[in-house]
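The structure under discussion appears below in the form of structure tokens.
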Amino acid sequence: MASTITRPPLATAADSFDSGRGYLAACTVGLPSRATRAAIVADVEAASRGMIDISAYSATVQRSRQLFARLVDTSAARVAIGSQVSVFAALIATAVSDGGEVLVPEGDFSSMVMPFVQAGRGIRVRTAPLHELAGAIGPQTALVAFSLVQSATGEIADAAAIAEAAHRHGTRTFCDATQAVGWLPVQASRFDAVVCHAYKWLCAPRGAAFLAIGEEMQQLVHPRFAGWYAGADPWASCYGGEFGLASDARRFDVSPAWQAFVGAEPALELFASFDGDAVAAYTTGLANEFRQRMGLAMPDRPSAIVTWADPEGSDLARLSAAGITASGRSGRARVAFHVFNDGEDVELALAALRR
Ligand SMILES: Cc1ncc(COP(=O)(O)O)c(C=O)c1O
């Protein structure tokens, strides 16, 4: 049976990329759009001629911050920039009191777990299966930290139930939306803090990460990683430790990987221009068609990532042999459907798997 889903319902989506044919790995690394590639090439060419404009880099970082804020429906004053999820998680750990309990899903991505394990000060990490996470929150839980979309399985957390239980128990919420923003609409205000590394579903270069942090949480977190860029005026904050930090979320900035943000800005601009619900419907439509024809169960909440048991890696090997880029995590084969894919990618993957 031929796929009924052929083109993105988004006028510019597929045309914005050279080709995503056979690339089912946005959950590993997103593809650069044409605009991102052009921006990076232009920057490297200018730099190789000695034309380096640091103030232009700062403006690019600021516009990226604004675009990310738009993507998660918050203000730029609530967004900090950095380069890794794990560093932002270590920052959020500073909001947990000595001896406090941090609850995380079993098997969540280690950048969301290890910083709490290593936090010291008697902070304890407890785990629960993702589908039981909301019920596992208790009055002793200082923070619940979880990925909205699980990296290894593609499973979607019941964010509403987690936020409701956390609110009832006075627990702070920290959500990793790295595997979500770009295909699944995310509202930062539902959580105390939302982190996102933009190199996957937002198709930015690796090294552009964002933390959306609410007003109350900003008061609880210590600017542990502050350097010159966290100053009220970064260019007047290059020496010593006497300067004042920014009064908004910028005080949690770490100095930017400039070249990554050069590529991130057009990537974020592209995704911010899309209708988020249409992207979710399109990507999960492809994923559901693949799932159905593979005979896999439909998840409670539709996901653009499909995984299935592949303990020997034989299905992943079949996909690779057919020239399809997929991935394998925790004994499972994993494919992801994004805006640069279409029904032909579903057909190619099914043919490679002989389903
Ligand atoms: C859910 C999730 N969070 C974060 C990351 C990346 O973390 P970091 O920025 O610390 O490399 C990944 C990468 O696979 C991920 O799947």
Side-chain angles (χ1 to χ4, degrees), residues 1 3 5 17-32 84-86 104-114 117 127-131 146-157 176-180 182-184 197 199-203 205-206 283-355:
M1 187 183 78
S3 168
I5 304 170
F17 294 87
D18 275 345
S19 173
R21 180 62 66 235
Y23 190 84
L24 300 181
C27 54
T28 308
V29 181
L31 297 179
Q84 297 93 11
V85 166
S86 61
V104 299
E106 275 168 12
D108 207 319
F109 193 74
S110 51
S111 290
M112 279 294 278
V113 180
M114 218 40 185
V117 171
T127 61
L130 183 68
H131 64 279
F146 65 101
S147 295
L148 186 56
V149 180
Q150 290 290 303
S151 162
T153 62
E155 204 182 344
I156 316 282
D176 178 357
T178 299
Q179 293 285 6
W183 77 264
L184 180 67
H197 201 152
Y199 73 102
K200 294 175 184 283
W201 295 90
L202 288 168
C203 296
R206 196 174 149 82
T283 54
T284 59
L286 292 173
N288 279 349
E289 178 168 346
F290 178 79
R291 224 177 246 119
Q292 193 189 347
R293 291 172 59 190
M294 283 283 287
L296 300 170
M298 288 292 158
D300 293 343
R301 285 168 287 280
S303 178
I305 302 175
V306 184
T307 69
W308 66 97
D310 184 30
E312 313 293 326
S314 45
D315 279 348
L316 181 58
R318 282 192 189 103
L319 289 166
S320 304
I324 291 169
T325 307
S327 47
R329 294 288 184 278
S330 300
R332 301 181 75 76
R334 185 175 73 155
V335 290
F337 296 92
H338 206 4
V339 293
F340 44 68
N341 298 120
D342 63 22
E344 206 175 316
D345 294 306
V346 175
E347 300 300 333
L348 287 173
L350 291 167
L353 294 164
R354 301 186 199 105
R355 304 297 215 292

Spatial distance of atom CG (Asp18) from atom CG (Leu31) [nearest 0.5 Å]: 9.5 Å

Check: His338 ring centre within less than 6.0 Å of Trp183 ring centre: no

Nearest heavy atoms of Ala304 and Thr284, plus distance in Å: N-CG2, 3.9 Å

Gap between atom CE of Met112 and atom OG of Ser151 - 0.5 Å precision: 12.0 Å

Backbone N/O of Cys27 and side chain of Gln179: donor-acceptor pair under 3.5 Å: yes

Partner residues of His197 under the ring-ring contact (aromatic ring centres under 6.0 Å, His included) criterion, sequence neighbours left out: Tyr199

Residues that Thr283 engages under side chain to side chain donor-acceptor pair (under 3.5 Å), provided they are two or more places apart: none

Min side-chain heavy-atom separation Lys200-Thr178 under 4.5 Å: yes

Contacts of type side-chain contact (heavy atoms from CB on, under 4.5 Å), residue Ala326, not counting sequence neighbours: Leu316, Leu319, Val335

Ring pair (Phe, Tyr, Trp, His ring centres under 6.0 Å) contacts in which one or both residues fall within residues 292-323, not counting sequence neighbours: Phe290-Trp308

Side chain to side chain donor-acceptor pair (under 3.5 Å) partners of Arg332, counting only residues at least two apart: Thr307

Identified side chain to side chain contact (heavy atoms under 4.5 Å, CB included) partner of Leu286 from the options Leu24, Val346, Asp345: Val346

Results of side-chain contact (heavy atoms from CB on, under 4.5 Å) for Thr28 - residues two or more places apart only: Ala25, Ser327, Arg329, Arg334

Pairwise distance CD1(Ile305) to CD1(Ile156) - rounded to 0.5 angstrom: 7.0 Å

Any residue meeting side-chain contact (heavy atoms from CB on, under 4.5 Å) with Pro311, in chain and number order, not counting sequence neighbours: Ala309

More than 12 heavy atoms from other groups under 6.0 Å of CE on Met114: no

Residues in side chain to side chain donor-acceptor pair (under 3.5 Å) contact with Asn288, at least two apart in sequence or another chain: Arg291

Pairs involving residues 310-321, ordered by first then second residue, that meet salt bridge (Lys or Arg N to Asp or Glu O under 4.0 Å) (sequence neighbours left out): Asp315-Arg318, Asp315-Arg355

Contacts of type side-chain contact (heavy atoms from CB on, under 4.5 Å), residue Glu106, not counting sequence neighbours: Thr127, Pro129

